[in-house]
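Written below as structure tokens is the structure these notes are about.
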There are 2 protein chains.
Amino acid sequence: MAEKLQDSYLAAHDQLYRTLRMRIMYGEMRPGQAITLRGVAEEFGVSVTPVREALKRLAAEGALSISVSGRFQTPVLTNDRIEELAALRALIEVELATRALPRAHMALVERLQTINNAISVAVAKADAVTYIRTNLEFHRTLYLRAQAPAMLATVETVWLQMGPTMRALYGRLQRKDPPMHHRLILAALKAGDEPGLRVAVRADVTQGLRMLAG
Amino acid sequence: MAEKLQDSYLAAHDQLYRTLRMRIMYGEMRPGQAITLRGVAEEFGVSVTPVREALKRLAAEGALSISVSGRFQTPVLTNDRIEELAALRALIEVELATRALPRAHMALVERLQTINNAISVAVAKADAVTYIRTNLEFHRTLYLRAQAPAMLATVETVWLQMGPTMRALYGRLQRKDPPMHHRLILAALKAGDEPGLRVAVRADVTQGLRMLAG
DNA sequence: GCGCGGCAAATGTGATCACAAATGCATATG
DNA sequence: CATATGCATTTGTGATCACATTTGCCGCGC
């Protein structure tokens, strides 16, 4: 087995998995976009074997859907499914934020503010991919404090499933303002206001669904 | 590709996946039990290729853990992890039950009662595997009414991760009574009592953790 | 008796090949 | 011009092989 450079031994399929996962989660692919084994294999200079593992793994997490004939594509979500995934986000993220609250010190709040500034920049530049990535980084940074790896992994799976759709929705969103609810989250964190934090996180997560329902 | 019998074309790796998933979820394997590619391949009369896909997929769902050298084994959960997974179950299952409540008609309640009787039989026979399987069937039957496939899939993943540990805990549990909380769930369903249902589901899910904390 | 070294077996990984099914495009047909 | 037919290409699947690493067991030496 060809080892990489001197550090970070990563199996080929794991490297593929991580790269493709980021592409999907951060909205670099459109909903319904097809992915082929040989296409990915050629792009990364490997055989189809590790590609199969990576794609199957992503499919198992809901990041890809498999057609009846076995073809891979990014999922095309119905409105019902989007609403359900948003409800899952709300459920789990409110819990994660609640668990993080007693451990959230000033250094964390400052870090979140820095990320929030990066989000504002992405919004100003209308850079959808950067917006999605930094927005998720904001949430992940907060939830890491919850010391709840299983919950975090679960919610990341939800993010993954919504990635391509979030990108497609971003164009319709016509965002012009930096995230309002993030400021509410930061304020609640500073004040130690658990009810306020729960409301703010729930509102932030379910934001952007109004245009779907309406 | 050798087709199976005339109906239900299932790819070999998918067949393997389903079979192994059931073994794990229903507690037919102990925590930390090793699984090898060639072992499974020989048992099922296939090559290692489809086995790799099935095991990788199970690992992606947390049903198996992978050692640093790439070996597969059923997960050995810490108490913190068990508590976290139980909290996840509580969060999601309470929501699923709530969503199922307005759609729960008499036929569903009767079906749940039938399953509940099967659980009592398994308890009387001290049959851990049957107990776990029928208990999960009780929950799944209720939650199917919620029309929330993403939530159901997520909670099934949690069940999967807990499977081997649930089996190991069952022995310590010394169960002698049929599930008390299930009767509360049924009563709340019949009465249309949403708060009562939420409390009963939460209690049922987090039951059995007292011996861990104590 | 106990620990250590070394070798054989076991194990996961990735490449390659053959195969069947699905896809898609070009051509023929009404 | 639209629809159907047929064939070449694409695509996923599974088997097999070579290889590097790890595991584990046996025997040697202290």
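Just so you know, these numbers use all the heavy atoms, side chains as well, and skip hydrogens, waters and symmetry mates. Bear in mind that the values here come from a model prediction, so they are computed numbers and not experimental data. Letters A, B, ... mirror the listed sequences (proteins, then strands); counts begin at 1.
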Near-strand residues of residues 36-51 of chain B, defined as heavy-atom separation under 4.0 angstrom from DNA chain D: Val46(B), Ser47(B), Val48(B), Thr49(B), Pro50(B)
Carboxylate-amine/guanidinium contact Arg167(A) Glu28(A), below 4.0 Å: no
Nearest-Å distance for atom pair CG/P, residues Leu58(A) and dG12(D): 14 Å
Any Ile24(B) side-chain heavy atom under 4.5 Å of Pro164(B) side chain: yes
Phe72(B) side chain near Val51(B) side chain, heavy-atom distance below 4.5 Å: no
Basic-acidic side-chain contact under 4.0 Å: Lys56(B), Asp14(A): no
Interface residues of residues 65-75 of chain A with DNA chain D (non-hydrogen, below 4.0 angstrom): Gly70(A), Arg71(A), Phe72(A)
Partners meeting side chain to side chain contact (heavy atoms under 4.5 Å, CB included) with Val48(A) (sequence neighbours left out): Leu37(A), Arg38(A), Ala41(A)
N/O donor-acceptor pair under 3.5 Å between Gln73(B) side chain and Ile35(B) backbone: no
Under 4.0 angstrom between Lys56(A) side-chain N/O and dG12(D) OP1 or OP2: no
hbond_proxy Arg52(B) side chain to dG14(C) base (donor-acceptor, 3.5 Å cutoff): yes
Ion pair Arg140(A)/Glu156(A), N-O distance below 4.0 Å: yes
For atom CG of Asp14(A) and atom C1' of dG12(C), their distance in whole Å: 13 Å
Touch class at under 4.0 angstrom, heavy-atom based, for Leu16(A) against every strand present: nothing
Interatomic distance, Glu53(A) CD vs dA15(C) P [rounded to whole Å]: 11 Å
Side-chain touch Asn135(B)/His182(B), heavy atoms, less than 4.5 angstrom: yes
Listed partners of Val121(A) passing side chain to side chain contact (heavy atoms under 4.5 Å, CB included), at least two apart: Lys125(A)
Aromatic centroids of His13(A) and Tyr17(A) separated by under 6.0 Å: no
Degree of bending, the helix from dG1(C)-dC30(D) to dG30(C)-dC1(D) (end axes from five pairs; round to 10°): 10°
Pairs meeting criterion salt bridge (charged side-chain N to carboxylate O under 4.0 Å, His left out) with involvement of residues 85-104 of chain A, two or more places apart: Arg89(A)-Glu93(A), Glu95(A)-Arg99(A)
Protein-nucleotide distance (Leu55(A), atom CG; dT13(D), atom P), rounded to Å: 10 Å
